[in-house]
Amino acid sequence: MTTLREYLDSTRCEETLKDLIELIAKQAEPIRKAFITNQEYIDAKNIYGETQIALDKWSDDHLMKVFKESGLVKKAASEEQPDVIEFPDAKADYAITIDPLDGSSLVQVNLAVGTIVGLFDNGEVMQEGKNLRAAMYMLYGPMTTLTLTVKEGVHIFALNEDGEYLMIKKDIRIPEGKLYASGALKKDWTPRHAEFINYLENEGYKLRYSGSFVADVHQFIKYGGIFSYPAFKGHENGKLRLLFEANPLGFMVTQAGGRISDGEKDILSIMPEKIDHRVPIYIGSKGIIEKMEEMFK
Ligand code: P6P
C-alpha cells in the first residue's frame, strides 16, 4: 500500500508543502491521545459564543505550537481564536485555516470528530476558498483517517499501528446518493429550505446527521447526497464558518466532483469579510446541489 510520503512524492507538490502536510497529519496521534483527559467544558467561550471544551483549546494550542516551530507557516487562522496569528520568522509562505477539533463535544459520547485544515501558499488566509493550494482533514473515528487533496484528486489514508498513513482509497468521486442532513431547528427553517427538505424526503433521501460537520460530509463523499446547515430564523448566514469549515471541505468535495453552495452560488468564490464570516451551507453531490439552486431561484 502507498504511504503518504510516497503519494506526495508522486505529485507536483513543493518539498515544503509535502513536509507541512506530513507534519500536520502526524498531529492526529497526540490529538487523539488527548481525548481521554480533556473532555470537560471549560469556563471559556469562542468568538461565536460557544462554550469551549478543554479539547478545543488543547488541540488549537498544540497545532499553533507545531506551526510556529515548523518555520513553514506565515499566518494561521483558527475557529478557536479571535484574530489571525502571524509567525514573522517563517521561512515559507504557507497560510493555514484550521478547525482544530470540529464536533469536539461529541468526543464524550464517542462519535467521530475531526481536524479540518485549509492550506494557502501565498501567505494570506483572508481569500476565496478557490485559491486553496491543498485541503485535508483527519477524522477520528473507528479508524484515524486522513482525507487529502493537493488538486490532483481526493485520496484517503488510514493510520496504521506503526503510525504510518497508508492509502486506502484513491481518486474519490462523489456519487449522486440519497442521503441528506440539515442543521438548525425545523421550526426555524425558511420556507424554501423546508420545501427543499420535503422534496428530498419525497424523493426517498434518508437522514444522516451526527452533529459533526466533517464526519457527516465524509460520509456523503463516500455515499453521495447533500449536507446542509441553512440560514434559519434570526441567522441569515447560518451557523458554520466560511474559513474553517465551508472552504476546506467545499474545496475537497469540489475536487471530488461535488459542489458547495450558499443556496445561490459557489461558496468557494466568496471573499471573506471577517475571520468569523458565517455562510449557509449546502454541500455534496453536484446534481442535487444544482437542483437545489434551481428550486431556490
Ligand atoms: P448543531 C459542531 O459544533 C458544528 O460546528 C459542526 O461540526 C456541526 O455540523 C454543527 O456545528 C452542529 O450544530 O446546531 O446541530 O449542534
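All ligand and atom numbering here is 1-based and tracks the order in the structure. Since the structure is predicted, the reported quantities are computational estimates derived from the model, not experimental observations.
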Does the pair Lys75/Glu124 count as a salt bridge with the N-to-O cut at 4.0 Å? yes

Electrostatic pair Lys291-Glu176, nearest N-O below 4.0 angstrom: no

What protein heavy atom sits nearest atom 8 (C) of ligand 1, and how far away is it? Gly211 O, 3.3 Å

Can you tell me which portion of Phe232 lies within the under-4.0 Å heavy-atom range of ligand 1? Options are side chain, backbone, both, or neither. neither

Identify whether the distance between the nearest side-chain nitrogen and carboxylate oxygen of Lys18 and Asp9 falls below 4.0 Å. yes

Distance from atom 9 (O) of ligand 1 to nearest protein heavy atom, with residue and atom: Phe213 N, 3.2 Å

Is ligand 1 less than 4.0 angstrom away from at least one heavy atom of Ser212? yes

Below 4.0 Å, non-hydrogen atoms only: which portion of Leu240 touches ligand 1? Side chain, backbone, both or neither. side chain

What is the nearest protein non-hydrogen atom to atom 14 (O) of ligand 1, stated with its residue, atom name and distance? Tyr229 OH, 2.7 Å

Which of the numbered atoms in ligand 1 are below 4.0 angstrom from a heavy atom of Arg241? 5 (O)

For the pair Glu264 and Arg192, find out whether any cationic side-chain nitrogen is under 4.0 Å from an anionic carboxylate oxygen. yes

Going by the atom numbers of ligand 1, which of them fall below 4.0 Å from some non-hydrogen atom of Tyr209? 1 (P), 12 (C), 13 (O), 15 (O)

Establish, from distance only, whether the side-chain atoms of Asn46 and Glu50 form a donor-acceptor pair under 3.5 Å. yes

Output yes when the distance from some N or O of ligand 1 to some N or O of Phe227 is under 3.5 Å, and no in every other case. no

Considering Lys239, Glu79, Glu50, which one's heavy-atom position lies nearest to atom 3 (O) of ligand 1? Lys239

With under 30° as parallel and over 60° as perpendicular, where do the rings of His193 and Phe196 fit, or are they tilted in between? tilted

Out of all atoms in ligand 1, which are within 4.0 Å of some heavy atom of Glu245? Include the element for each. 5 (O)

Considering non-hydrogen atoms only, spot the tightest contact between Gln255 and Glu152 and give its length. OE1-N, 4.5 Å

Charged N to carboxylate O below 4.0 Å: is that the case for Lys74 and Asp121? no

